[in-house]
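Just so you know, these numbers come straight off a predicted model, no measurement behind them. Order of the sequence lines fixes the chain letters, A, B, ..., with proteins taken first and strands second; residue numbering starts at 1 for each chain.
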2 protein chains.
Amino acid sequence: MPEPGSPQRRRLDRDRVLAEALALADADGLDAVSMRALAARLEVVPMALYKHVADKEDLIGGMVDAVIAGYARPAATGTWRERVRERALIARAAHLAHPWLREAIQSRRRRSAAVLGHMDAVAGEFIAGGFSVDLTHHVMHALGNRVWGFSPEAFDGGDDVGQPDGDPAALLRMMSERFPHVTAIALDASARNPSGSCDEQFEFEFTLDLLLDAFERLRAAGWESSG
Amino acid sequence: MPEPGSPQRRRLDRDRVLAEALALADADGLDAVSMRALAARLEVVPMALYKHVADKEDLIGGMVDAVIAGYARPAATGTWRERVRERALIARAAHLAHPWLREAIQSRRRRSAAVLGHMDAVAGEFIAGGFSVDLTHHVMHALGNRVWGFSPEAFDGGDDVGQPDGDPAALLRMMSERFPHVTAIALDASARNPSGSCDEQFEFEFTLDLLLDAFERLRAAGWESSG
DNA sequence: CCGCAAAGGTGTACGCTGTACGCCTTTGCG
DNA sequence: CGCAAAGGCGTACAGCGTACACCTTTGCGG
């Protein structure tokens with residue numbers, strides 16, 4: 001019987017659960033985010049969380065999406081290079097602010113809408129900057145983990161953007177509306193390589209050679225760091 | 001009372017434990033490697049494992065070291081570029097053969113002797129190819145995760161090569177004997193930046209700009225993949 | 001050959017995890 | 001006002017890593 005003036009405990013909702021999980025992970029690391037510990041912080045019994053979160057994987061996924069969705073928007077000015085660079089630094093800042101992010105992202109199996117949205121935005125910068133869809137595909141792989149906070153190849157399991165129900169045509173239509181650039185890349189890639197959309201060995205060697213070439217140029221130029 | 005002819009169970013040793021853990025992880029993934037499941041495969045009680053392995057972290061670490069120590073030696077011929085390239089492909093092959101390796105490596109906090117040995121070998125290729133110690137440092141960071149199967153920055157906790165007892169001078173001597181190149185890099189870096197040996201922000205932007213420059217060259221050249 | 005210390009294997013037990021299931025309480029809407 | 005839906009609770013279970021005490025086997029010095 002809570003007194004009239006007493007602050008009757010607010011009901012839980014998904015956002016409150018995720019926000020508290022974020023705070024807990026920031027403070028004590030991802031391992032400290034157990035259903036019991038999180039419930040205790042919300043002054044609730046552990047099983048209450050399951051009314052707002054399907055299971056622990058969904059909780060972690062929600063945390064990741066919350067961070068990605070909160071990425072700052074870069075200024076819509078400058079060259080593709082400046083804009084991609086800024087997006088990379090924004091992603092890096094998120095990783096500095098949330099050290100658990102790397103581990104959380106790598107524990108996921110499917111691309112969420114938030115992840116696809118970020119990928120689509122970066123792909124859009126390249127394409128608007130004059131990159132072909134094909135080249136955009138490969139440079140996105142090359143950026144990979146280092147720049148995203150997540151590596152495209154960590155998501156071989158496919159996408160997860162809502163309804164898993166039939167009608168592939170409708171799904172495709174929805175995808176090209178919400179994520180036009182990544183959809184274009186996927187279509188282009190599967191046209192070139194019908195067996196599967198990505199040839200991982202090719203991507204690996206593509207990036208490796210890009211880097212080795214760049215190293216050779218620096219070596220030949222007598223590059224050094226402290227000026 | 002085992003009969004004379006019956007194959008009296010062989011005693012456990014660390015190598016047998018690690019080998020069985022490898023097999024289990026290859027077959028069913030890293031999550032399937034629990035102390036209990038591993039013990040069952042070895043027809044032994046779970047606690048018996050602790051006579052050969054300090055704890056689970058030590059077990060996983062031992063598995064990683066076993067794989068890295070088994071990296072094939074590249075042919076000692078060709079340019080630095082060919083040799084580094086081959087080492088990268090060897091590391092990638094290990095990851096294809098052991099899909100759990102990425103997760104296992106990223107759960108570690110300290111560099112083992114096996115990891116340091118691999119890093120030292122790659123650093124040695126650059127230095128022998130005419131790279132300065134300084135430049136070698138930065139290109140090693142740039143290769144990072146993508147090419148190693150592990151990212152240097154995943155090991156901010158320092159090294160773990162045996163005795164943690166005093167006498168830093170003796171430790172330094174031992175390090176430069178066993179891992180001359182990484183030691184040279186660490187000394188060079190701390191001379192340039194006394195506060196800490198790596199400026200992560202610098203390394204991040206270094207690699208990012210290397211990649212962005214490379215992308216721009218490909219774009220300007222009208223690069224495309226299928227020839 | 002004996003004996004004894006060291007090394008190896010066993011059994012039990014504890015605290016922690018995620019979560020299935022059933023019950024009760026609160027909420028919001030027709 | 002009444003009732004279905006949503007939210008929160010309590011109990012319970014299987015699995016985890018591992019501390020601790022105990023017994024058994026091994027190998028070596030006398």
Checklist entry - In whole angstrom, what separates B:Ile60's CD1 from D:dC16's C1'? => result 13 Å
Item to check | Presence of salt bridge, B:Asp199 and B:Arg192, under 4.0 angstrom | outcome: no
Next on the checklist: Below 30° counts as parallel, above 60° as perpendicular, anything between as tilted: where do the rings of A:Phe206 and A:His138 land?
Outcome noted: tilted
Checklist entry - B:Arg16 CZ to C:dA7 P: how many Å, rounded? => result 20 Å
Checklist outcome for this item: To the nearest angstrom, the NZ-P distance between B:Lys56 and C:dC16 comes to 19 Å
Checklist outcome for this item: By the Watson-Crick or G-U definition, both distances under 3.5 Å, C:dG30 is matched with D:dC1
Item to check | Donor on one side chain, acceptor on other, B:His52 and B:Asp13, under 3.5 Å | outcome: no
Checklist outcome for this item: Taking C:dT10, D:dC16, D:dT26 as options, the one with an atom nearest any side-chain atom of B:Ala48 is C:dT10
Checklist entry - Using the ring of each side chain (for Trp, its six-membered ring), is A:His137 parallel, tilted or perpendicular to A:His141, with breaks at 30° and 60°? => result tilted
Checklist outcome for this item: In this structure, CG of B:Leu211 is separated from OG1 of A:Thr207 (nearest 0.5 Å) by 7.5 Å
Item to check | G-U wobble or Watson-Crick pairing nucleotide for D:dG29 (cut-off 3.5 Å, both distances) | outcome: C:dC2
Checklist entry - Within the modelled atom types, does a donor on one side and an acceptor on the other bring the side chain of A:Arg36 and the base of C:dG18 under 3.5 Å apart? => result yes
Checklist entry - Mapping B:Tyr50 and A:Leu12 to their closest nucleotides on DNA chain D, which lands nearer the 5' end? => result A:Leu12
Checklist entry - Rounded to whole angstroms, how far apart are CG on A:Leu38 and P on C:dC16? => result 17 Å
Checklist outcome for this item: Out of C:dT17, C:dT19, D:dT26, minimum distance to the side chain of B:Arg11 belongs to D:dT26
Checklist entry - Roughly how many Å is it from CG in B:Asp58 to P in D:dG17, rounded to a whole number? => result 14 Å
Next on the checklist: Rounded to whole Å, how long is the line connecting atom CZ of A:Arg10 with atom C1' of D:dG8?
Outcome noted: 16 Å
Checklist outcome for this item: With the side chain defined as heavy atoms from C-beta on, A:Met47 is closest, among D:dT11, C:dG18, C:dG9, to D:dT11
Next on the checklist: For A:Lys51 and A:Met35, find the nucleotide of DNA chain C closest to each by heavy atoms; which residue's nucleotide sits nearer the 5' end?
Outcome noted: A:Met35
Checklist entry - Atom CG of B:Leu49 to atom P of D:dT18: distance rounded to whole Å? => result 11 Å
Checklist entry - Below 4.0 angstrom from OP1 or OP2 of D:dA6, is there any side-chain N or O of A:His52? => result no
Checklist entry - Which comes earlier along DNA chain C counting from the 5' end, the contact point of A:Ala54 or that of A:Asp31, where each point is its nearest nucleotide? => result A:Asp31
